[in-house]
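Following: one structure in structure tokens, then a few remarks.
The chains referred to below are lettered A, B, ... by the order of the sequence lines, with proteins before strands, and numbering in each begins at 1.
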4 protein chains.
Amino acid sequence: MVFSLCPRARQRRKDARPGELMTAALEVFAERGFAATRLDEVAKRAGVSKGTIYLYFDSKEALFKAAVESAIIPALEAGEAIAADPAKSPGEALREFVFWWWEKVGSTDIGALPKLLVAEIGNFPELGIWFHENMIQRGKRAVVGIIARGVASGDFRPVEPLGVARIVFAMMFSYVLWRRALGAAMPDLPEPEDYFEQALDLLTHGLKRTPPCA
Amino acid sequence: MVFSLCPRARQRRKDARPGELMTAALEVFAERGFAATRLDEVAKRAGVSKGTIYLYFDSKEALFKAAVESAIIPALEAGEAIAADPAKSPGEALREFVFWWWEKVGSTDIGALPKLLVAEIGNFPELGIWFHENMIQRGKRAVVGIIARGVASGDFRPVEPLGVARIVFAMMFSYVLWRRALGAAMPDLPEPEDYFEQALDLLTHGLKRTPPCA
Amino acid sequence: MVFSLCPRARQRRKDARPGELMTAALEVFAERGFAATRLDEVAKRAGVSKGTIYLYFDSKEALFKAAVESAIIPALEAGEAIAADPAKSPGEALREFVFWWWEKVGSTDIGALPKLLVAEIGNFPELGIWFHENMIQRGKRAVVGIIARGVASGDFRPVEPLGVARIVFAMMFSYVLWRRALGAAMPDLPEPEDYFEQALDLLTHGLKRTPPCA
Amino acid sequence: MVFSLCPRARQRRKDARPGELMTAALEVFAERGFAATRLDEVAKRAGVSKGTIYLYFDSKEALFKAAVESAIIPALEAGEAIAADPAKSPGEALREFVFWWWEKVGSTDIGALPKLLVAEIGNFPELGIWFHENMIQRGKRAVVGIIARGVASGDFRPVEPLGVARIVFAMMFSYVLWRRALGAAMPDLPEPEDYFEQALDLLTHGLKRTPPCA
DNA sequence: CATGAATGAGTTTTCATTCAT
DNA sequence: TATGAATGAAAACTCATTCAT
């Protein structure tokens with residue numbers, strides 16, 4: 001058997017195609033936004049011709065929505081798995097949540113969604129509502145659970161759990177945007193481990209020096 | 001021929017036109033993104049006809065850049081004024097910085113820039129570099145100064161000032177994006193005062209309960 | 001004043017444009033059918049660029065419907081005027097109706113509709129219903145009135161008026177189609193006056209020789 | 001490998017394919033017109049895949065022409081048989097011709113041709129010439145023969161035979177178009193027997209009441 | 001032979017840009 | 001200056017035609 005030097009012009013991969021197209025599309029949409037994305041470019045990245053897209057999707061908008069959902073669905077499923085493990089201390093659980101999120105969400109395909117969302121929400125308002133209800137709310141609930149447990153156990157000060165969740169999300173949301181959107185322009189952006197470690201430390205111990213006991 | 005009843009009106013109008021156009025443009029660009037923005041819509045919001053735009057700007061891109069700069073310049077000028085007032089305690093100075101930023105930047109026209117930046121950086125990479133160098137770096141330097149002073153004075157723990165600045169910016173950046181982009185979809189978004197107050201409190205005192213002195 | 005040798009590239013004739021476009025469109029649609037008509041061709045015949053069409057019509061289909069209606073409406077109005085003049089003998093009234101129809105309908109722009117209708121009814125069924133109700137029914141009613149009057153007065157045999165109307169319409173419908181569609185292929189097609197004269201004579205007196213009175 | 005249980009089926013199928021395709025094609029072409037017809041639809045109606053069409057026909061146009069001819073050829077052959085039977089009275093012969101035409105032409109696949117012809121003559125002028133020469137002329141000659149015989153025998157008034165043939169064809173042509181094109185929109189269209197009976201009666205005896213012999 | 005996924009030329013449609021008024 | 005009708009290049013979309021299986 002020999003290796004084909006030139007890839008076959010016409011491949012036949014009906015089953016794999018939609019996924020390939022959605023992956024390529026999500027990439028370009030996240031890079032350029034919906035309106036600035038040319039289907040030619042998506043087709044090129046998926047290694048097919050423009051017309052092929054229309055075998056699987058009715059329109060550019062349909063492709064956009066399918067691509068977004070295809071990234072969201074595994075995130076949703078992953079979200080189900082975030083069970084606050086009661087064996088862990090609340091501080092440990094929070095740390096695990098953040099690192100789990102980065103590994104399974106922020107650093108994967110799904111991590112392209114926040115940028116896309118911010119950019120396109122003005123043009124696809126229903127996308128924002130969907131995203132908020134299904135992703136943000138759900139994530140916050142997980143964090144709120146952890147914090148509330150910590151407050152109840154006396155590990156944490158009597159803080160407002162939702163307020164803490166907002167800060168945690170601000171930190172994750174910002175990092176993924178900075179990395180995805182401003183990556184090239186921000187050479188001083190730290191590695192995720194360092195960033196999250198440092199941020200969690202600050203969040204945990206605060207800025208203020210604890211006065212020595214008298 | 002008839003006499004104009006108000007001969008100065010047109011003159012005044014003429015001088016104000018570029019500004020009016022840039023304001024309207026920034027609004028629409030921030031809402032829809034560069035590619036999805038129609039000059040028809042910008043013209044309509046500015047109350048002029050589409051052709052008029054071309055009397056003042058060479059192209060859609062020129063208008064975009066002018067609109068962005070017109071929002072950035074006052075922000076830059078305002079930035080100059082953030083002198084860390086040595087009379088204030090570091091904690092107080094940080095709080096003042098955050099609220100000043102919201103009042104003078106986040107809640108004004110300039111607050112549209114982060115969304116625009118996130119959305120368009122893929123299409124206008126130079127915009128990202130410019131923005132990072134002129135806005136983010138400068139802002140961070142101000143915060144770093146405050147934190148370093150606090151650490152030196154013993155008010156703060158010996159934290160890494162740049163790391164703190166990142167958290168502070170994450171909090172501001174996220175809030176302005178949530179408000180601008182997700183506003184309609186997030187009915188539970190708190191008022192800025194509450195959000196920043198709560199976040200600063202957390203940042204200052206941390207989550208962890210301080211154990212009572214033995 | 002001199003005559004402009006080259007027509008101005010950019011004319012400004014907002015009020016006249018829709019009509020010009022619809023006229024050109026009806027022409028091409030009638031020639032080629034809806035699907036085979038290219039908007040480029042319509043634009044060329046109307047002396048504008050392709051984009052101009054979209055200033056006045058939302059889509060090719062909208063242009064099609066507007067063009068059809070614009071031809072139908074004057075026909076409808078003309079139809080209102082067909083009052084069976086009671087001063088005329090029924091034979092005379094029938095003759096006048098047929099010639100009026102040819103002059104005001106068959107030989108005008110409206111005469112393109114039957115061909116268009118036959119060709120496009122499979123793709124635009126609602127067009128057929130509209131056409132039948134508004135044009136065919138109305139025309140038949142006029143003829144039925146004339147025939148019924150003739151039967152009542154004893155000028156005509158006791159025929160079924162609707163059956164006669166069908167024959168009269170068959171004759172008009174066929175002629176207009178033959179002339180419009182097959183014109184080039186049927187060099188022996190008679191002039192309308194001769195055709196209708198001959199047809200009316202046949203219809204009036206029949207084929208059968210009247211036996212001489214005994 | 002399995003044995004085919006019915007080894008001849010495929011063979012028989014293969015021979016029948018072109019005919020099945022042409023029948024399906026004529027149907028769709030007559031419904032939608034040439035340009036609006038999708039080969040996908042033709043294939044579906046013929047129960048094969050789109051690619052199969054190209055095993056038998058070089059192009060859409062070739063399929064169109066073949067489908068048209070396949071309907072025309074039996075009509076031509078049938079036409080040869082219309083010998084004016086001298087045993088019949090001219091009135092009887094005319095009546096037989098019309099009913100023969102309906103049964104063998106108008107109500108069969110061939111009856112789709114007039115609609116197709118009217119619709120596509122602008123795009124296929126040669127089709128019009130062919131159709132006129134081979135179908136219309138030939139049919140008219142048959143009718144002209146009958147009428148001339150009737151005039152010569154004194155059964156008919158001394159009418160112009162070609163003029164009569166035109167009326168007879170107008171009646172047949174209109175009916176087949178109305179039925180095929182406007183069928184759904186014209187619920188009051190009479191049955192062919194009634195229509196032709198009534199029309200022939202009118203044509204034979206005329207509208208005018210014959211004055212009683214003095 | 002038959003299939004139907006893939007292609008790409010050809011159309012429709014959009015909209016930044018121009019320019020006669 | 002200001003207007004907005006007109007333009008035409010560019011992008012979305014369709015579908016006859018091809019070809020690997």
(request) Using a 4.0 Å heavy-atom cut-off, write out nucleotides 9-14 of chain E from 5' to 3' as B (base contacted by protein), S (sugar-phosphate only) or - (no contact). (result) -BSBBB

(request) Measure across A:Val42 and A:Thr37 and return the closest heavy-atom pair with its distance rounded to 0.1 Å. (result) CG2-CG2, 3.7 Å

(request) Please list, chain by chain and in numerical order, all residues satisfying salt bridge (charged side-chain N to carboxylate O under 4.0 Å, His left out) with D:Lys60, sequence neighbours excluded. (result) none

(request) Pick out which of B:Trp130, B:Phe29, B:Phe34 makes a ring-ring contact (aromatic ring centres under 6.0 Å, His included) with B:Phe124. (result) B:Phe34

Rounded to whole angstroms, how far apart are [atom1] on [X] and [atom2] on [N]?
| X | N | atom1 | atom2 | value |
| --- | --- | --- | --- | --- |
| B:Arg32 | E:dC15 | CZ | P | 11 Å |
| B:Leu21 | F:dT3 | CG | P | 10 Å |
| A:Ile53 | F:dC13 | CD1 | P | 10 Å |
| C:Glu20 | F:dA5 | CD | C1' | 13 Å |
| C:Arg17 | F:dT7 | CZ | C1' | 11 Å |

(request) Looking at every strand, decide which applies to A:Tyr56 at a 4.0 Å heavy-atom threshold: base, sugar-phosphate, or nothing. (result) sugar-phosphate

(request) Just do the salt bridge (charged side-chain N to carboxylate O under 4.0 Å, His left out) check on A:Glu20 and A:Arg17 with the steps written out, would you? (result) CA-CA 5 Å; A:Glu20 291 168 5; A:Arg17 272 287 138 73; 3.2 Å; yes

(request) Both distances under 3.5 Å, Watson-Crick or G-U wobble: on that basis, could you give the dot-bracket string for DNA chain E, with [ ] for crossing pairs and | for other-strand partners? (result) .||||||||||||||||||||

(message) Before you tell me yes or no, could you show the steps for D:Lys65 and D:Glu61 under salt bridge (charged side-chain N to carboxylate O under 4.0 Å, His left out), namely the whole-Å CA-CA distance, both residues' side-chain angles and the distance that decides it to 0.1 Å?
(response) CA-CA 6 Å; D:Lys65 287 178 175 164; D:Glu61 195 170 325; 3.0 Å; yes

(message) So does D:Ala30 get a backbone contact from the side chain of D:Lys115, meaning a donor-acceptor N/O pair under 3.5 Å?
(response)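 Checked: pair present.
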
(message) Could you check whether any side-chain heavy atom of B:Leu116 comes within less than 4.5 Å of a side-chain heavy atom of B:Leu127, counting everything from C-beta outward?
(response)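 Sidechains of B:Leu127 and B:Leu116: no contact.
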
(request) Using a 4.5 Å cut-off on heavy atoms from C-beta on, say whether the side chain of C:Phe57 contacts that of C:Met22. (result)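 Contact flag for C:Met22/C:Phe57 side chains = yes.
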
(request) Name the residue closer to the 5' end of DNA chain E, choosing between A:Thr52 and D:Leu55 according to the nucleotide with the nearest heavy atom. (result) D:Leu55

